[in-house]
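All chains are named by letter (A, B, ...) in the order of the sequence lines, taking the proteins before the strands, and each is independently numbered beginning at 1.
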There are 2 protein chains.
Amino acid sequence: MDIEKQWPRGQRAAFVANFIRDQIVSGELAASTRINERVLTEQLGVSRTPLREAFKILESEGLLTIEPNRGAMVTAISPQEVELAIEVLIALESVAAERACKHATDAQIDEIQALHDEMVGAWKAGALMRYFHINQTIHQKIVDCAANPTLSRLYMAESQRIRRFRYAGNQISDRWARAVYEHEQILDALRHRQGALLREVLRSHHLSGWRTTRAVLEGEIRL
Amino acid sequence: MDIEKQWPRGQRAAFVANFIRDQIVSGELAASTRINERVLTEQLGVSRTPLREAFKILESEGLLTIEPNRGAMVTAISPQEVELAIEVLIALESVAAERACKHATDAQIDEIQALHDEMVGAWKAGALMRYFHINQTIHQKIVDCAANPTLSRLYMAESQRIRRFRYAGNQISDRWARAVYEHEQILDALRHRQGALLREVLRSHHLSGWRTTRAVLEGEIRL
DNA sequence: CGTTGCCACATTGCATGCAATGTGGCTCGG
DNA sequence: CCGAGCCACATTGCATGCAATGTGGCAACG
(Lines give C-alpha, C1' and ligand atoms only; values in the text may rest on other atoms or scores of the structure.)
Protein backbone atom coordinates (compact mmCIF):
# COMPACT_ATOMS: atom_id res chain seq x y z
CA MET A 1 0.00 0.00 0.00
CA ASP A 2 0.86 3.69 0.12
CA ILE A 3 4.62 3.38 -0.03
CA GLU A 4 6.17 6.84 0.07
CA LYS A 5 3.07 8.46 1.54
CA GLN A 6 3.97 9.54 5.04
CA TRP A 7 1.36 9.70 7.76
CA PRO A 8 1.50 12.47 10.33
CA ARG A 9 4.00 12.12 13.10
CA GLY A 10 2.32 10.88 16.25
CA GLN A 11 -0.35 8.83 14.54
CA ARG A 12 1.61 6.27 12.59
CA ALA A 13 1.08 3.41 15.02
CA ALA A 14 -2.66 4.13 14.98
CA PHE A 15 -2.81 4.19 11.19
CA VAL A 16 -0.82 1.01 10.90
CA ALA A 17 -3.10 -0.64 13.46
CA ASN A 18 -6.13 0.45 11.44
CA PHE A 19 -4.60 -0.91 8.29
CA ILE A 20 -3.85 -4.32 9.76
CA ARG A 21 -7.14 -4.41 11.64
CA ASP A 22 -9.03 -3.89 8.40
CA GLN A 23 -7.18 -6.76 6.82
CA ILE A 24 -7.96 -9.04 9.72
CA VAL A 25 -11.60 -8.22 10.30
CA SER A 26 -12.30 -8.38 6.57
CA GLY A 27 -10.71 -11.79 6.41
CA GLU A 28 -8.00 -10.78 3.91
CA LEU A 29 -5.45 -11.88 6.48
CA ALA A 30 -6.41 -15.42 7.39
CA ALA A 31 -6.26 -16.79 10.91
CA SER A 32 -2.83 -18.02 12.01
CA THR A 33 -1.05 -16.02 9.30
CA ARG A 34 2.40 -15.01 10.46
CA ILE A 35 3.15 -11.33 9.94
CA ASN A 36 6.65 -10.38 8.89
CA GLU A 37 7.83 -7.02 10.17
CA ARG A 38 10.21 -6.28 7.34
CA VAL A 39 7.63 -6.93 4.64
CA LEU A 40 5.08 -4.71 6.35
CA THR A 41 7.52 -1.87 6.92
CA GLU A 42 8.25 -1.91 3.19
CA GLN A 43 4.57 -2.06 2.26
CA LEU A 44 3.59 0.75 4.59
CA GLY A 45 6.67 2.91 4.47
CA VAL A 46 7.07 3.20 8.22
CA SER A 47 9.81 1.89 10.42
CA ARG A 48 9.54 -1.07 12.72
CA THR A 49 8.94 1.01 15.83
CA PRO A 50 5.40 2.25 15.06
CA LEU A 51 4.71 -1.10 13.46
CA ARG A 52 5.52 -2.96 16.65
CA GLU A 53 3.46 -0.48 18.66
CA ALA A 54 0.54 -1.27 16.37
CA PHE A 55 1.10 -4.98 17.04
CA LYS A 56 0.73 -4.37 20.76
CA ILE A 57 -2.52 -2.50 20.23
CA LEU A 58 -3.94 -5.27 18.09
CA GLU A 59 -2.74 -7.88 20.53
CA SER A 60 -4.64 -6.24 23.36
CA GLU A 61 -7.70 -6.13 21.10
CA GLY A 62 -7.37 -9.88 20.68
CA LEU A 63 -6.76 -9.72 16.94
CA LEU A 64 -3.08 -10.63 17.01
CA THR A 65 -1.14 -13.09 19.10
CA ILE A 66 2.51 -12.28 19.71
CA GLU A 67 4.89 -15.09 20.57
CA PRO A 68 8.25 -13.86 21.84
CA ASN A 69 11.00 -14.08 19.25
CA ARG A 70 8.55 -15.57 16.79
CA GLY A 71 6.49 -12.54 15.96
CA ALA A 72 2.85 -11.73 15.44
CA MET A 73 0.17 -13.92 13.94
CA VAL A 74 -3.54 -13.45 13.37
CA THR A 75 -5.34 -14.90 16.38
CA ALA A 76 -7.23 -18.07 15.60
CA ILE A 77 -10.76 -18.19 17.01
CA SER A 78 -12.91 -21.30 17.16
CA PRO A 79 -16.63 -21.25 16.29
CA GLN A 80 -17.15 -22.08 19.96
CA GLU A 81 -15.40 -18.90 21.00
CA VAL A 82 -17.38 -16.92 18.45
CA GLU A 83 -20.59 -18.25 19.91
CA LEU A 84 -19.52 -17.23 23.40
CA ALA A 85 -18.54 -13.80 22.12
CA ILE A 86 -21.92 -13.40 20.48
CA GLU A 87 -23.54 -14.16 23.79
CA VAL A 88 -21.60 -11.22 25.19
CA LEU A 89 -22.53 -9.02 22.26
CA ILE A 90 -26.19 -9.82 22.84
CA ALA A 91 -25.85 -8.83 26.46
CA LEU A 92 -24.25 -5.54 25.46
CA GLU A 93 -26.92 -4.85 22.89
CA SER A 94 -29.61 -5.68 25.42
CA VAL A 95 -28.38 -2.94 27.70
CA ALA A 96 -28.06 -0.69 24.69
CA ALA A 97 -31.62 -1.42 23.55
CA GLU A 98 -33.31 -0.08 26.64
CA ARG A 99 -31.01 2.91 26.87
CA ALA A 100 -31.24 3.68 23.17
CA CYS A 101 -35.01 3.90 23.35
CA LYS A 102 -34.62 6.46 26.11
CA HIS A 103 -31.74 8.51 24.76
CA ALA A 104 -31.86 8.30 20.98
CA THR A 105 -32.53 11.60 19.27
CA ASP A 106 -34.89 11.69 16.32
CA ALA A 107 -31.94 12.67 14.17
CA GLN A 108 -30.08 9.52 15.21
CA ILE A 109 -33.08 7.37 14.39
CA ASP A 110 -33.43 9.06 11.02
CA GLU A 111 -29.77 8.38 10.36
CA ILE A 112 -30.27 4.71 11.13
CA GLN A 113 -33.35 4.67 8.92
CA ALA A 114 -31.29 6.13 6.09
CA LEU A 115 -28.65 3.45 6.60
CA HIS A 116 -31.38 0.85 6.60
CA ASP A 117 -32.74 2.11 3.29
CA GLU A 118 -29.24 2.05 1.88
CA MET A 119 -28.82 -1.48 3.14
CA VAL A 120 -32.03 -2.59 1.47
CA GLY A 121 -30.66 -1.06 -1.71
CA ALA A 122 -27.46 -3.08 -1.36
CA TRP A 123 -29.55 -6.18 -0.76
CA LYS A 124 -31.61 -5.65 -3.86
CA ALA A 125 -28.45 -4.95 -5.84
CA GLY A 126 -26.94 -8.17 -4.52
CA ALA A 127 -23.99 -6.23 -3.11
CA LEU A 128 -23.17 -8.57 -0.25
CA MET A 129 -20.08 -6.82 1.00
CA ARG A 130 -21.78 -3.45 1.03
CA TYR A 131 -24.86 -4.92 2.69
CA PHE A 132 -22.77 -6.60 5.36
CA HIS A 133 -20.85 -3.43 6.10
CA ILE A 134 -23.96 -1.26 6.44
CA ASN A 135 -25.52 -3.95 8.61
CA GLN A 136 -22.61 -3.74 11.04
CA THR A 137 -22.80 0.03 11.02
CA ILE A 138 -26.49 -0.02 11.89
CA HIS A 139 -25.92 -2.23 14.91
CA GLN A 140 -23.08 -0.03 16.07
CA LYS A 141 -25.21 3.10 15.63
CA ILE A 142 -28.01 1.59 17.69
CA VAL A 143 -25.53 0.87 20.45
CA ASP A 144 -24.17 4.40 20.14
CA CYS A 145 -27.70 5.73 20.70
CA ALA A 146 -27.45 4.36 24.21
CA ALA A 147 -25.07 7.22 25.01
CA ASN A 148 -22.75 4.98 26.97
CA PRO A 149 -19.14 5.29 25.80
CA THR A 150 -18.02 2.10 27.52
CA LEU A 151 -20.80 0.18 25.84
CA SER A 152 -19.94 1.60 22.42
CA ARG A 153 -16.26 0.88 22.85
CA LEU A 154 -16.65 -2.73 23.96
CA TYR A 155 -19.31 -3.45 21.39
CA MET A 156 -17.17 -2.13 18.58
CA ALA A 157 -14.06 -4.00 19.67
CA GLU A 158 -15.82 -7.30 20.13
CA SER A 159 -17.92 -7.14 17.00
CA GLN A 160 -14.80 -6.38 14.98
CA ARG A 161 -12.98 -9.24 16.61
CA ILE A 162 -15.46 -11.81 15.36
CA ARG A 163 -16.48 -9.99 12.20
CA ARG A 164 -14.62 -12.27 9.81
CA PHE A 165 -16.68 -15.24 11.03
CA ARG A 166 -20.06 -13.64 10.80
CA TYR A 167 -19.63 -12.69 7.19
CA ALA A 168 -20.10 -16.32 6.17
CA GLY A 169 -23.71 -16.57 7.32
CA ASN A 170 -24.90 -13.69 5.22
CA GLN A 171 -24.07 -15.51 2.05
CA ILE A 172 -27.24 -17.59 2.41
CA SER A 173 -29.94 -15.73 0.53
CA ASP A 174 -32.76 -16.94 2.78
CA ARG A 175 -30.95 -15.56 5.75
CA TRP A 176 -30.24 -12.38 3.89
CA ALA A 177 -33.94 -11.77 3.22
CA ARG A 178 -34.93 -12.63 6.73
CA ALA A 179 -32.30 -10.36 8.21
CA VAL A 180 -33.68 -7.43 6.25
CA TYR A 181 -37.13 -8.18 7.64
CA GLU A 182 -35.77 -8.44 11.18
CA HIS A 183 -34.02 -5.13 10.76
CA GLU A 184 -37.33 -3.54 9.93
CA GLN A 185 -38.73 -4.85 13.18
CA ILE A 186 -35.69 -3.45 14.95
CA LEU A 187 -36.21 -0.02 13.48
CA ASP A 188 -39.90 -0.10 14.37
CA ALA A 189 -39.17 -0.95 17.95
CA LEU A 190 -36.56 1.79 18.17
CA ARG A 191 -38.79 4.36 16.51
CA HIS A 192 -41.63 3.56 18.90
CA ARG A 193 -39.12 3.48 21.72
CA GLN A 194 -40.20 0.08 22.94
CA GLY A 195 -37.06 -0.91 24.81
CA ALA A 196 -38.07 -4.37 25.94
CA LEU A 197 -39.31 -5.26 22.50
CA LEU A 198 -36.16 -3.93 20.85
CA ARG A 199 -34.08 -5.98 23.21
CA GLU A 200 -35.90 -9.17 22.33
CA VAL A 201 -35.95 -8.51 18.60
CA LEU A 202 -32.22 -7.83 18.64
CA ARG A 203 -31.59 -10.94 20.66
CA SER A 204 -33.47 -13.27 18.34
CA HIS A 205 -31.99 -11.50 15.32
CA HIS A 206 -28.47 -12.30 16.53
CA LEU A 207 -29.34 -15.82 17.56
CA SER A 208 -30.92 -16.70 14.25
CA GLY A 209 -28.04 -15.04 12.41
CA TRP A 210 -25.58 -17.08 14.38
CA ARG A 211 -27.44 -20.32 13.75
CA THR A 212 -27.09 -19.75 10.02
CA THR A 213 -23.49 -18.69 10.29
CA ARG A 214 -22.56 -21.65 12.41
CA ALA A 215 -24.16 -24.02 9.95
CA VAL A 216 -22.10 -22.48 7.16
CA LEU A 217 -18.90 -22.57 9.19
CA GLU A 218 -19.46 -26.19 10.09
CA GLY A 219 -20.01 -27.00 6.45
CA GLU A 220 -23.60 -28.13 6.90
CA ILE A 221 -24.67 -25.86 4.09
CA ARG A 222 -22.98 -25.70 0.73
CA LEU A 223 -22.78 -22.27 -0.77
CA MET B 1 11.46 -0.14 41.53
CA ASP B 2 13.68 -3.02 40.47
CA ILE B 3 16.45 -1.02 38.88
CA GLU B 4 19.13 -3.41 37.64
CA LYS B 5 16.81 -6.40 37.63
CA GLN B 6 16.26 -7.36 34.03
CA TRP B 7 13.04 -8.98 32.92
CA PRO B 8 13.09 -11.70 30.29
CA ARG B 9 13.47 -10.65 26.71
CA GLY B 10 10.11 -10.64 24.95
CA GLN B 11 8.03 -9.78 28.00
CA ARG B 12 9.33 -6.40 29.03
CA ALA B 13 6.49 -4.39 27.54
CA ALA B 14 4.00 -6.66 29.30
CA PHE B 15 5.76 -6.32 32.65
CA VAL B 16 6.02 -2.57 32.31
CA ALA B 17 2.32 -2.42 31.42
CA ASN B 18 1.48 -4.48 34.51
CA PHE B 19 3.58 -2.21 36.66
CA ILE B 20 1.93 0.97 35.43
CA ARG B 21 -1.51 -0.61 35.42
CA ASP B 22 -1.13 -1.52 39.08
CA GLN B 23 -0.23 2.04 39.90
CA ILE B 24 -3.22 3.38 38.03
CA VAL B 25 -5.89 0.98 39.22
CA SER B 26 -4.69 1.26 42.81
CA GLY B 27 -4.89 5.03 42.57
CA GLU B 28 -1.19 5.62 43.30
CA LEU B 29 -0.99 7.39 39.97
CA ALA B 30 -3.72 10.02 40.07
CA ALA B 31 -5.92 10.88 37.12
CA SER B 32 -4.39 13.34 34.65
CA THR B 33 -0.86 12.67 35.88
CA ARG B 34 1.64 13.14 33.07
CA ILE B 35 4.06 10.25 32.71
CA ASN B 36 7.64 11.07 31.81
CA GLU B 37 9.38 8.43 29.72
CA ARG B 38 12.89 9.18 30.91
CA VAL B 39 11.95 8.94 34.59
CA LEU B 40 10.18 5.64 34.07
CA THR B 41 13.00 4.11 32.06
CA GLU B 42 15.34 4.93 34.92
CA GLN B 43 12.95 3.56 37.54
CA LEU B 44 12.31 0.34 35.68
CA GLY B 45 15.65 -0.21 34.01
CA VAL B 46 14.25 -0.76 30.54
CA SER B 47 14.66 1.35 27.45
CA ARG B 48 12.04 3.59 25.93
CA THR B 49 10.98 1.08 23.30
CA PRO B 50 9.23 -1.47 25.54
CA LEU B 51 8.02 1.42 27.66
CA ARG B 52 6.28 3.02 24.74
CA GLU B 53 4.81 -0.32 23.71
CA ALA B 54 3.38 -0.62 27.20
CA PHE B 55 1.85 2.85 26.80
CA LYS B 56 0.03 1.69 23.68
CA ILE B 57 -1.35 -1.34 25.50
CA LEU B 58 -2.60 0.75 28.39
CA GLU B 59 -4.03 3.31 26.00
CA SER B 60 -6.12 0.67 24.30
CA GLU B 61 -7.29 -0.49 27.72
CA GLY B 62 -8.48 3.05 28.38
CA LEU B 63 -6.12 3.63 31.29
CA LEU B 64 -3.77 6.04 29.55
CA THR B 65 -4.40 8.83 27.09
CA ILE B 66 -1.59 9.63 24.70
CA GLU B 67 -1.43 13.08 23.14
CA PRO B 68 1.01 13.29 20.22
CA ASN B 69 4.24 15.03 21.16
CA ARG B 70 2.93 15.55 24.67
CA GLY B 71 3.12 12.06 26.00
CA ALA B 72 0.98 9.81 28.15
CA MET B 73 -1.26 10.77 31.00
CA VAL B 74 -3.59 8.81 33.26
CA THR B 75 -7.04 8.94 31.71
CA ALA B 76 -9.49 11.02 33.70
CA ILE B 77 -12.89 9.42 34.22
CA SER B 78 -15.94 11.24 35.50
CA PRO B 79 -18.32 9.68 38.05
CA GLN B 80 -20.87 9.76 35.24
CA GLU B 81 -18.65 7.55 33.10
CA VAL B 82 -18.05 5.23 36.03
CA GLU B 83 -21.78 4.85 36.49
CA LEU B 84 -22.21 3.99 32.82
CA ALA B 85 -19.35 1.52 33.02
CA ILE B 86 -20.94 -0.12 36.05
CA GLU B 87 -24.11 -0.55 34.05
CA VAL B 88 -22.03 -2.49 31.54
CA LEU B 89 -20.34 -4.51 34.26
CA ILE B 90 -23.75 -5.46 35.63
CA ALA B 91 -24.81 -6.64 32.19
CA LEU B 92 -21.67 -8.74 31.90
CA GLU B 93 -22.16 -10.21 35.35
CA SER B 94 -25.79 -10.96 34.54
CA VAL B 95 -24.76 -13.13 31.65
CA ALA B 96 -22.08 -14.64 33.85
CA ALA B 97 -24.54 -15.41 36.64
CA GLU B 98 -26.75 -17.70 34.60
CA ARG B 99 -23.82 -19.39 32.94
CA ALA B 100 -21.84 -19.73 36.17
CA CYS B 101 -24.71 -21.60 37.82
CA LYS B 102 -24.63 -24.05 34.95
CA HIS B 103 -20.90 -24.45 34.46
CA ALA B 104 -19.24 -23.85 37.82
CA THR B 105 -17.48 -26.87 39.24
CA ASP B 106 -17.81 -27.63 42.93
CA ALA B 107 -14.10 -26.96 43.25
CA GLN B 108 -14.57 -23.48 41.82
CA ILE B 109 -17.39 -22.76 44.24
CA ASP B 110 -15.28 -24.01 47.13
CA GLU B 111 -12.48 -21.74 46.03
CA ILE B 112 -14.84 -18.77 46.02
CA GLN B 113 -16.14 -19.81 49.43
CA ALA B 114 -12.57 -19.87 50.71
CA LEU B 115 -11.97 -16.40 49.32
CA HIS B 116 -15.18 -15.26 50.95
CA ASP B 117 -14.06 -16.59 54.33
CA GLU B 118 -10.75 -14.85 53.88
CA MET B 119 -12.60 -11.67 52.98
CA VAL B 120 -14.70 -11.86 56.13
CA GLY B 121 -11.45 -12.26 58.04
CA ALA B 122 -10.07 -9.11 56.44
CA TRP B 123 -13.29 -7.32 57.28
CA LYS B 124 -13.15 -8.33 60.95
CA ALA B 125 -9.49 -7.32 61.03
CA GLY B 126 -10.36 -3.96 59.53
CA ALA B 127 -7.97 -4.57 56.64
CA LEU B 128 -9.76 -2.48 54.06
CA MET B 129 -7.25 -2.82 51.28
CA ARG B 130 -7.07 -6.58 51.64
CA TYR B 131 -10.85 -6.83 51.88
CA PHE B 132 -11.29 -4.74 48.76
CA HIS B 133 -8.80 -6.80 46.80
CA ILE B 134 -10.39 -10.14 47.75
CA ASN B 135 -13.80 -8.69 46.95
CA GLN B 136 -12.68 -7.89 43.41
CA THR B 137 -11.16 -11.33 43.06
CA ILE B 138 -14.41 -13.00 44.10
CA HIS B 139 -16.41 -11.16 41.47
CA GLN B 140 -13.84 -12.02 38.83
CA LYS B 141 -13.89 -15.68 39.86
CA ILE B 142 -17.66 -15.79 39.59
CA VAL B 143 -17.43 -14.42 36.08
CA ASP B 144 -14.71 -16.94 35.30
CA CYS B 145 -17.08 -19.72 36.36
CA ALA B 146 -19.19 -18.83 33.35
CA ALA B 147 -16.52 -20.43 31.16
CA ASN B 148 -16.69 -17.65 28.61
CA PRO B 149 -13.24 -16.21 27.85
CA THR B 150 -14.61 -13.09 26.19
CA LEU B 151 -16.74 -12.39 29.22
CA SER B 152 -13.82 -12.87 31.60
CA ARG B 153 -11.54 -10.68 29.54
CA LEU B 154 -13.95 -7.77 29.18
CA TYR B 155 -15.05 -7.97 32.79
CA MET B 156 -11.48 -7.88 34.04
CA ALA B 157 -10.47 -4.98 31.81
CA GLU B 158 -13.48 -2.86 32.67
CA SER B 159 -13.47 -3.55 36.38
CA GLN B 160 -9.80 -2.62 36.52
CA ARG B 161 -10.46 0.53 34.57
CA ILE B 162 -12.86 1.88 37.17
CA ARG B 163 -11.30 0.20 40.19
CA ARG B 164 -9.73 3.34 41.62
CA PHE B 165 -13.18 4.92 41.92
CA ARG B 166 -14.95 2.06 43.57
CA TYR B 167 -12.47 1.86 46.39
CA ALA B 168 -13.90 5.01 47.91
CA GLY B 169 -17.32 3.51 48.71
CA ASN B 170 -15.94 0.69 50.78
CA GLN B 171 -14.59 3.07 53.34
CA ILE B 172 -18.05 3.48 54.79
CA SER B 173 -18.39 0.88 57.52
CA ASP B 174 -22.16 0.46 57.06
CA ARG B 175 -21.60 -0.35 53.45
CA TRP B 176 -18.79 -2.65 54.36
CA ALA B 177 -21.02 -4.74 56.64
CA ARG B 178 -23.83 -4.83 54.15
CA ALA B 179 -21.55 -5.88 51.34
CA VAL B 180 -20.37 -8.85 53.35
CA TYR B 181 -23.99 -9.86 53.90
CA GLU B 182 -24.77 -9.45 50.22
CA HIS B 183 -21.80 -11.59 49.34
CA GLU B 184 -23.23 -14.37 51.47
CA GLN B 185 -26.43 -14.20 49.47
CA ILE B 186 -24.37 -14.32 46.30
CA LEU B 187 -22.56 -17.44 47.43
CA ASP B 188 -25.82 -19.08 48.45
CA ALA B 189 -27.36 -18.44 45.08
CA LEU B 190 -24.30 -19.77 43.31
CA ARG B 191 -24.06 -22.83 45.52
CA HIS B 192 -27.73 -23.65 44.92
CA ARG B 193 -27.23 -22.82 41.26
CA GLN B 194 -30.11 -20.39 41.14
CA GLY B 195 -29.06 -18.38 38.13
CA ALA B 196 -31.89 -15.88 38.03
CA LEU B 197 -31.54 -15.19 41.73
CA LEU B 198 -27.78 -14.83 41.48
CA ARG B 199 -28.24 -12.36 38.66
CA GLU B 200 -30.60 -10.21 40.69
CA VAL B 201 -28.53 -10.36 43.85
CA LEU B 202 -25.42 -9.35 41.95
CA ARG B 203 -27.28 -6.54 40.26
CA SER B 204 -28.60 -5.02 43.45
CA HIS B 205 -25.24 -5.59 45.15
CA HIS B 206 -23.51 -3.49 42.51
CA LEU B 207 -26.20 -0.85 42.45
CA SER B 208 -26.19 -0.36 46.19
CA GLY B 209 -22.39 -0.36 46.18
CA TRP B 210 -22.35 2.31 43.54
CA ARG B 211 -24.90 4.46 45.37
CA THR B 212 -22.59 4.56 48.37
CA THR B 213 -19.50 5.14 46.27
CA ARG B 214 -21.13 7.93 44.33
CA ALA B 215 -22.18 9.63 47.52
CA VAL B 216 -18.61 9.50 48.77
CA LEU B 217 -17.19 10.74 45.48
CA GLU B 218 -19.63 13.60 45.40
CA GLY B 219 -18.64 14.55 48.90
CA GLU B 220 -22.07 13.90 50.39
CA ILE B 221 -20.53 11.77 53.07
CA ARG B 222 -17.57 12.80 55.17
CA LEU B 223 -15.18 9.99 55.99
C1' DC C 1 3.82 46.71 34.69
C1' DG C 2 1.74 43.59 31.32
C1' DT C 3 2.16 41.33 26.92
C1' DT C 4 4.22 39.26 23.06
C1' DG C 5 7.78 37.01 20.65
C1' DC C 6 11.74 34.30 20.74
C1' DC C 7 15.07 31.03 22.16
C1' DA C 8 17.12 27.27 24.74
C1' DC C 9 15.93 23.17 26.83
C1' DA C 10 13.02 19.15 27.69
C1' DT C 11 10.46 15.66 25.73
C1' DT C 12 8.49 12.79 22.38
C1' DG C 13 8.31 10.16 17.60
C1' DC C 14 10.64 7.45 14.81
C1' DA C 15 14.52 5.06 12.36
C1' DT C 16 18.14 2.12 12.78
C1' DG C 17 21.94 -0.85 14.60
C1' DC C 18 23.16 -4.66 17.35
C1' DA C 19 22.47 -8.66 20.06
C1' DA C 20 19.55 -12.67 20.97
C1' DT C 21 16.66 -16.08 19.36
C1' DG C 22 14.42 -19.06 15.98
C1' DT C 23 14.69 -21.86 11.61
C1' DG C 24 15.82 -24.53 7.69
C1' DG C 25 19.21 -27.09 5.51
C1' DC C 26 23.37 -29.60 5.51
C1' DT C 27 26.70 -32.90 7.17
C1' DC C 28 28.03 -36.80 9.33
C1' DG C 29 27.44 -40.85 11.96
C1' DG C 30 24.71 -44.80 12.56
C1' DC D 1 18.44 -44.32 4.12
C1' DC D 2 17.36 -41.78 8.49
C1' DG D 3 18.17 -38.90 12.36
C1' DA D 4 20.83 -35.80 15.34
C1' DG D 5 23.65 -32.07 15.65
C1' DC D 6 25.45 -27.91 13.83
C1' DC D 7 25.81 -23.75 11.28
C1' DA D 8 24.41 -19.82 8.49
C1' DC D 9 20.67 -16.95 7.70
C1' DA D 10 16.29 -14.73 8.85
C1' DT D 11 13.78 -12.51 12.20
C1' DT D 12 12.67 -10.41 16.41
C1' DG D 13 13.70 -7.56 20.94
C1' DC D 14 15.64 -3.80 22.56
C1' DA D 15 18.69 0.33 23.09
C1' DT D 16 19.92 4.50 21.33
C1' DG D 17 20.58 8.59 18.25
C1' DC D 18 18.47 12.19 15.74
C1' DA D 19 14.87 15.12 14.24
C1' DA D 20 10.44 17.30 15.35
C1' DT D 21 7.57 19.27 18.58
C1' DG D 22 6.22 21.33 22.97
C1' DT D 23 7.36 24.46 26.95
C1' DG D 24 8.95 27.76 30.19
C1' DG D 25 11.45 31.81 30.87
C1' DC D 26 13.45 35.98 29.49
C1' DA D 27 13.76 40.22 26.93
C1' DA D 28 12.02 43.84 24.44
C1' DC D 29 8.34 46.64 23.56
C1' DG D 30 4.11 49.06 24.37
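- Under the salt bridge (Lys or Arg N to Asp or Glu O under 4.0 Å) criterion, the residue pairs touching residues 7-21 of chain A are A:R21-A:E61, with sequence neighbours excluded.
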Would you give me the side-chain donor-acceptor pairs under 3.5 Å for residues 53-60 of chain A, sequence neighbours excluded?
residue : atom : partner : partner atom : Å
A:E53   : OE2  : B:R52   : NE           : 3.4
A:S60   : OG   : A:I57   : O            : 3.0
A:S60   : OG   : B:S60   : OG           : 2.5

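- Every residue two or more places apart in sequence or in another chain that forms a salt bridge (charged side-chain N to carboxylate O under 4.0 Å, His left out) with A:R48 is listed here: A:E37.
- Every side-chain contact (heavy atoms from CB on, under 4.5 Å) that A:N36 has, sequence neighbours left out, goes to A:R38, A:V39.
- Among residues two or more places apart in sequence or in another chain, the ring-ring contact (aromatic ring centres under 6.0 Å, His included) test is passed with B:H205 by B:H139, B:H183.
- Remark: A:R48, A:R52 in residues 47-64 of chain A come within less than 4.0 Å of DNA chain D through at least one heavy atom.
- Regarding A:I66, its CD1 atom lies at a distance of 11 Å from the C1' atom of D:dT12, rounded to whole Å.
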Which atom pairs link the protein and nucleotides 5-11 of chain C when you take only N or O atoms and keep those under 3.5 Å?
residue : atom : partner : partner atom : Å
C:dT11  : OP1  : B:N36   : ND2          : 3.1

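- Other residues, nucleotides and ligands contribute only 12 or fewer heavy atoms inside 6.0 Å of the NE2 atom of B:H133.
- Heavy-atom distances to DNA chain C give each of B:E67 and A:P68 a nearest nucleotide, and the one nearer the 5′ end belongs to B:E67.
- B:E158 is linked by a side-chain hydrogen bond (donor to acceptor under 3.5 Å, both in side chains) to A:R153, B:R161, counting only residues two or more places apart in sequence or in another chain.
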Contacts table for residues 71-79 of chain B: side-chain donor-acceptor under 3.5 angstrom, sequence neighbours left out:
residue : atom : partner : partner atom : Å
B:T75   : OG1  : B:G62   : O            : 3.3
B:T75   : OG1  : B:L63   : O            : 3.2
B:T75   : OG1  : B:L64   : N            : 3.3
B:T75   : OG1  : B:L64   : O            : 3.3
B:T75   : OG1  : B:T65   : N            : 3.3
B:T75   : OG1  : B:T65   : OG1          : 2.8
B:S78   : OG   : B:E81   : N            : 3.1
B:S78   : OG   : B:E81   : OE1          : 3.3

